[in-house]
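In what follows, a single structure is set out as structure tokens and then discussed.
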2 protein chains.
Amino acid sequence: MTTSPSGGSLAGSGDAGKKLRPARTNATKQKLFEASMELIGERGAAGVTVDEIATAAGVSKGTVYYNFGSKSDLIAQLLRHGVDILLARLLSVRDDSADPLAAMEEMIGQAMDFMAEYPSFARLWVSENWRTPSEWQDTFAELRGRLLAVIGSAIDSVAAVYPVDSGVSRGSLETAIFGACFVVGLDRQTYNPERTREQSVAAIMASMRGYVVKQPPAQA
Amino acid sequence: MTTSPSGGSLAGSGDAGKKLRPARTNATKQKLFEASMELIGERGAAGVTVDEIATAAGVSKGTVYYNFGSKSDLIAQLLRHGVDILLARLLSVRDDSADPLAAMEEMIGQAMDFMAEYPSFARLWVSENWRTPSEWQDTFAELRGRLLAVIGSAIDSVAAVYPVDSGVSRGSLETAIFGACFVVGLDRQTYNPERTREQSVAAIMASMRGYVVKQPPAQA
DNA sequence: CTATTTGAACTGACTGGTCAGTTTAGTTAG
DNA sequence: CTAACTAAACTGACCAGTCAGTTCAAATAG
């Protein structure tokens with residue numbers, strides 16, 4: 001029985017100076033994350049073998065099981081890792097001043113950048129997110145909640161400043177925007193590479209602009 | 001050597017009177033469609049075995065290979081079958097008179113109903129749609145095009161009557177709405193069953209209402 | 001009306017191969 | 001010394017696709 005670390009993601013949080021303890025860098029985990037993100041994004045979690053992942057990461061199969069307890073764990077940690085990155089980007093948008101609509105637009109832009117940079121993560125997410133009895137059900141529920149909370153609070157900021165359409169529930173709007181980010185980002189990657197970042201952001205922002213009220217829509 | 005049919009979907013097109021020729025009904029194919037839609041929607045194409053599909057359909061494994069040439073073919077035909085149903089519903093919305101925005105809203109409502117009725121198809125779609133070298137790449141491209149065309153023409157109808165935001169490209173908007181339909185529908189099924197059809201439609205329609213212009217968006 | 005034939009539809013055991021996960025003995029580097 | 005990692009062999013399960021054989025309803029023959 002190998003004494004594996006198998007723990008959380010590659011935090012390396014409070015280990016500044018010492019240089020030795022945290023077992024070198026987490027370069028191996030990082031490489032495994034990158035390799036599996038790529039492969040799993042392309043062919044799905046079930047379509048990729050542990051051997052392939054190990055080879056792609058330039059590492060032996062045993063190392064995968066040393067660093068992660070199982071294929072399933074690897075994927076769960078991969079999901080957390082990706083969401084951590086996305087969350088960091090979304091939270092980098094400082095709401096403090098200015099127009100909350102502009103903040104929203106910047107957040108969507110950050111999301112589009114993320115999708116462009118980590119399309120494989122986006123594919124993994126949409127591939128596995130809605131499976132009903134899934135090994136990662138709880139992981140997804142938690143991560144989804146964390147992401148939606150950020151979007152939700154951005155929507156709240158808008159609703160606090162602008163008059164909004166009360167017929168649109170915040171929850172549904174969150175979901176629609178969140179989902180649109182993934183789908184528009186992926187579609188751009190797969191089917192419409194000529195589409196610009198701005199076009200994509202504008203299309204998603206349309207729902208925010210429709211959320212803030214104008215005069216009642218002109219009874220045709 | 002069995003002379004297998006393996007052909008297109010369960011058409012039975014022009015064989016009205018004669019009663020005998022078209023080899024009974026296509027009951028078997030239909031049952032296989034239903035069973036595989038369910039299973040594949042839950043666990044993904046790679047996660048389901050042909051044996052399972054056969055058993056769930058109350059049929060032997062050989063029958064699957066008799067009716068379809070391979071697991072891959074089965075899934076390709078399954079995709080076509082589902083899209084045919086969805087397309088039929090979208091096209092059932094008659095555009096002829098009235099407000100194109102109302103037509104749009106009804107189309108989105110139809111899409112939500114479809115997602116509620118065939119959540120497994122929706123899961124299959126989002127699971128496999130954006131995989132890069134996929135066996136069904138061409139199938140997806142074709143079907144996606146057909147669906148987007150319908151949505152696109154509905155958007156055009158709106159743009160023909162209302163003044164719209166020219167900063168939003170039709171293509172991106174199509175994609176955003178199309179994607180939002182799937183994602184909102186699936187999310188409702190998986191995470192928010194309490195959400196009503198109307199809430200979901202309203203959230204998606206927000207993007208259309210943001211697409212038609214009001215006074216230029218209030219330079220904050 | 002009965003007997004025989006045909007062939008499409010279907011069956012399920014079997015094959016060849018794959019894969020997750022384990023184990024072990026050894027290597028490297030801090 | 002020890003944590004991290006390697007390389008390779010192995011197990012036990014699982015699975016896509018095949019194929020020789022069965023069933024039965026309709027067509028044909030007598």
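Labels below follow one simple rule: chain letters A, B, ... track the order of the sequence lines, proteins then strands, and each chain is numbered from 1.
- Remark: B/Ala76 pairs with B/Trp136, B/Thr139 by the side-chain contact (heavy atoms from CB on, under 4.5 Å) rule, at least two apart or across chains.
- Applying the salt bridge (charged side-chain N to carboxylate O under 4.0 Å, His left out) test to every pair with at least one member in residues 194-207 of chain A, sequence neighbours left out, gives these pairs: A/Asp113-A/Arg197.
- For C/dC10, the OP1/OP2 oxygens have a side-chain nitrogen or oxygen of B/Asn67 closer than 4.0 Å.
- The aromatic rings of B/Phe33 and B/His81 lie parallel to each other, their planes meeting at an angle below 30°, with 60° marking the opposite boundary.
- Separating the CG atom of B/Asp73 from the P atom of D/dG17 is a distance of 9 Å, rounded to the nearest angstrom.
- B/Tyr118 meets the ring-ring contact (aromatic ring centres under 6.0 Å, His included) test with B/Phe114; sequence neighbours excluded.
- For A/Tyr65 and C/dT22, the OH to C1' distance is 9 Å, given to the nearest whole Å.
- Within a heavy-atom distance below 4.0 Å of DNA chain C, the residues of residues 43-63 of chain B found are B/Val59, B/Ser60, B/Gly62, B/Thr63.
- The CG-P distance, from A/Leu39 to C/dC19, rounds to 13 Å in whole Å.
- Residue pairs meeting the salt bridge (charged side-chain N to carboxylate O under 4.0 Å, His left out) criterion with at least one partner in residues 120-137 of chain B, sequence neighbours excluded, are B/Glu128-B/Arg131.
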Name every donor-acceptor pair, under 3.5 Å, that has one atom in a side chain of residues 37-48 of chain B and the other anywhere in the protein, sequence neighbours excluded.
residue, atom, partner, partner atom, Å
B/Arg43, NH2, B/Glu52, OE1, 2.7
B/Arg43, NH2, B/Glu52, OE2, 2.4

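- Distances from the side chain of A/Thr28 to the nucleotides C/dA20, D/dA16, D/dC5 place D/dC5 closest.
- Of the side-chain N and O atoms in A/Tyr66, none sit less than 4.0 angstrom from OP1 or OP2 of D/dC5.
- Atoms CZ (A/Phe68) and P (C/dT22) sit 16 Å apart, rounded to a whole Å.
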